[in-house]
Number of protein chains: 2
Amino acid sequence: MKKPAPKKAFRLTPQREAILRFLEGNTSHPSAEDIYARLRRKFPGMSFATVYNTLQSLLGRGDLIEVRIDRGRARFDPGLKPHHHLLCVRCGAITDLPERAPVRPAGLPRGYRLLSSNIEFYGICPACGKKEGRREELSCAKKRKK
Amino acid sequence: MKKPAPKKAFRLTPQREAILRFLEGNTSHPSAEDIYARLRRKFPGMSFATVYNTLQSLLGRGDLIEVRIDRGRARFDPGLKPHHHLLCVRCGAITDLPERAPVRPAGLPRGYRLLSSNIEFYGICPACGKKEGRREELSCAKKRKK
DNA sequence: ATAATATTTAGAATGATTCCAATGTAATAA
DNA sequence: TTATTACATTGGAATCATTCTAAATATTAT
């Protein structure tokens with residue numbers, strides 16, 4: 001019934017290995033550009049496309065999670081155990097938060113198949129809270145690193 | 001201590017009024033383009049920039065919530081009461097889900113000021129589940145309307 | 001070695017969003 | 001009323017992340 005699964009190979013090239021190593025245990029939630037900037041030290045001729053290609057492969061293999069909490073750019077997270085994310089709307093730092101319990105939605109429509117979920121928290125980290133006064137403005141997160 | 005707040009006016013122009021009316025009670029979570037496409041019926045000469053400008057203003061006033069669950073494009077939601085979102089990764093439909101209870105993160109770091117939170121659920125809606133067989137692939141959501 | 005398959009690369013293309021400079025318009029001051 | 005100011009609108013250019021493409025390489029199977 002199902003096709004025999006085209007099973008395409010995944011070759012662990014030097015570039016990919018370096019990306020994997022950089023990501024392994026990394027809790028900084030780097031963006032594609034972060035990864036590229038770091039990797040080009042070792043592979044000066046590396047293409048941005050390679051980073052994206054590799055990230056796509058890793059996502060497909062489930063080795064990686066794409067975190068979309070930061071507006072505009074995707075961030076990547078080695079997919080260990082399920083957890084949530086906390087974004088500082090000032091400096092953009094992302095902190096992992098433990099998952100209290102598997103999240104189940106109330107009022108899931110009949111027949112809807114649930115695949116995954118995640119909780120995003122927004123706030124101001126201690127460092128940023130100290131720097132600025134004590135203002136509000138929850139609206140935008142325009143500032144971005146660089 | 002605080003500056004007297006520059007207080008800038010918000011003028012309810014015909015365009016803005018139309019946008020507001022379109023959004024009012026709208027649970028379809030339209031994108032900027034959806035709004036533009038709809039509004040140009042009434043205002044053929046309307047600029048895309050006006051839509052974005054208005055959305056920004058409304059966001060700043062808290063009249064609107066920006067939903068980022070759909071990769072690539074922002075979706076907008078008149079900010080009624082807090083609720084969660086459920087995205088069909090096939091057709092892109094977004095369903096509102098009631099908030100069971102105010103969400104509090106476990107393990108919030110000391111000194112971190114929490115501003116807001118939201119839960120995103122991903123799944124396959126009944127209609128899409130019926131169409132296709134019963135495959136898995138949770139990875140990507142490439143298909144987009146249009 | 002040869003063919004088949006997968007990967008890398010540079011750069012072009014895409015698409016959403018933002019920016020900008022010129023113009024229009026409403027509200028207010030003189 | 002007229003001038004002044006502040007806010008809006010518009011079209012198009014600019015930006016930025018991401019995807020795509022075509023050509024060059026590398027790897028694996030035959």
Side-chain angles (χ1 to χ4, degrees), chain A residues 4-20 29-40 42-61 64 66-76 92 139-146, chain B residues 4-20 29-37 39-40 42-61 63-64 66-76 92 139-146:
Chain A
K7 64 169 69 172
K8 61 170 145 183
F10 178 81
R11 296 191 185 145
L12 194 56
T13 64
Q15 292 95 327
R16 287 181 170 178
E17 198 184 346
I19 292 178
L20 269 174
H29 308 83
S31 65
E33 186 174 352
D34 295 335
I35 297 169
Y36 176 64
R38 179 64 200 293
L39 269 284
R40 78 194 333 256
K42 195 161 208 156
F43 301 89
M46 177 183 246
S47 163
F48 222 117
T50 298
V51 174
Y52 277 107
N53 288 343
T54 302
L55 290 174
Q56 280 308 104
S57 299
L58 295 178
L59 284 173
R61 289 161 52 87
L64 206 57
E66 186 180 349
V67 183
R68 253 199 294 280
I69 194 176
D70 188 3
R71 98 175 271 168
R73 60 182 61 183
R75 306 273 214 107
F76 298 90
S139 46
C140 59
K142 279 182 182 168
K143 297 178 207 162
R144 215 86 60 55
K145 283 187 294 189
K146 262 178 93 195
Chain B
K7 64 169 70 174
K8 63 168 142 183
F10 177 83
R11 294 191 185 145
L12 194 57
T13 64
Q15 291 95 327
R16 287 181 170 178
E17 198 184 345
I19 291 178
L20 269 173
H29 308 83
S31 66
E33 186 174 352
D34 294 337
I35 297 169
Y36 176 63
L39 269 284
R40 77 194 336 256
K42 195 160 208 157
F43 301 90
M46 177 183 246
S47 162
F48 222 118
T50 297
V51 174
Y52 277 107
N53 287 343
T54 302
L55 290 174
Q56 281 307 104
S57 299
L58 295 178
L59 285 173
R61 289 161 51 88
D63 294 337
L64 206 58
E66 187 180 348
V67 182
R68 252 198 295 282
I69 195 176
D70 188 4
R71 98 176 272 169
R73 61 182 61 182
R75 306 273 213 108
F76 299 89
S139 46
C140 60
K142 280 183 181 168
K143 297 178 208 161
R144 214 86 60 56
K145 283 186 293 188
K146 259 177 96 192

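First the proteins, then the strands, lettered A, B, ... as listed; each starts at 1.
- If you take CG of A:D70 and P of D:dA17, they are 10 Å apart, rounded to a whole angstrom.
- Rounded to an integer number of Å, the gap from CG of A:L55 to P of D:dA17 is 14 Å.
- OP1 or OP2 of D:dT19 lies within a sub-4.0 Å distance of a side-chain N or O belonging to B:R71.
- Proximity of B:Y52 to the phosphate of C:dT17: a side-chain N or O atom is located under 4.0 Å from OP1 or OP2.
- Per the geometry, CZ belonging to A:R40 stands 16 Å off P belonging to C:dT8, to the nearest Å.
- A residue-by-residue look at A:P44 and A:F10 shows that A:F10 has its nearest nucleotide of DNA chain C further toward the 5' end.
- The distance between atom NZ of B:K8 and atom C1' of D:dT5, rounded to the nearest whole Å, is 15 Å.
- Separating the CD atom of A:E17 from the P atom of C:dT8 is a distance of 12 Å, rounded to the nearest angstrom.
- When every heavy atom of B:A32 is checked against every heavy atom of B:F76, the shortest pair comes out as N-CE1, 4.0 Å.
- The interatomic distance linking A:L12 (CG) with C:dT5 (P) rounds to 22 Å, in whole Å.
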Would you tabulate the nitrogen or oxygen pairs shorter than 3.5 Å linking the protein to nucleotides 9-13 of chain D?
unit_1: D:dT9; atom_1: OP1; unit_2: B:T13; atom_2: OG1; d: 2.5
unit_1: D:dT9; atom_1: OP1; unit_2: B:Q15; atom_2: OE1; d: 3.4
unit_1: D:dT9; atom_1: O3'; unit_2: B:Q15; atom_2: NE2; d: 3.3
unit_1: D:dT10; atom_1: OP2; unit_2: B:S47; atom_2: N; d: 3.1
unit_1: D:dT10; atom_1: OP2; unit_2: B:T50; atom_2: OG1; d: 2.7
unit_1: D:dG11; atom_1: OP2; unit_2: B:G45; atom_2: O; d: 3.2
unit_1: D:dG11; atom_1: N7; unit_2: B:S47; atom_2: OG; d: 3.2

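- Using a 4.0 Å cut-off between charged side-chain N and carboxylate O, A:E66 and A:R75 make no salt bridge.
- Although no hydrogens or angles enter the test, the distance criterion places no donor-acceptor pair under 3.5 Å between the side chain of B:R16 and the main chain of B:T54.
- The minimum heavy-atom distance between A:S47 and A:Y36, with the atom names listed, is C-CE1, 3.9 Å.
- Between B:I19 and B:V51, the shortest heavy-atom contact is CD1-CA, 4.2 Å.
- The backbone N or O of A:M46 lies less than 3.5 Å from no partner atom in the side chain of A:T50, so there is not a single donor-acceptor pair.
- In this structure, the CG atom of B:D34 is 15 Å from the C1' atom of C:dT17, given to the nearest Å.
- Atom C1' of nucleotide D:dC16 and atom CZ of A:R73 are separated by 9 Å, given to the nearest angstrom.
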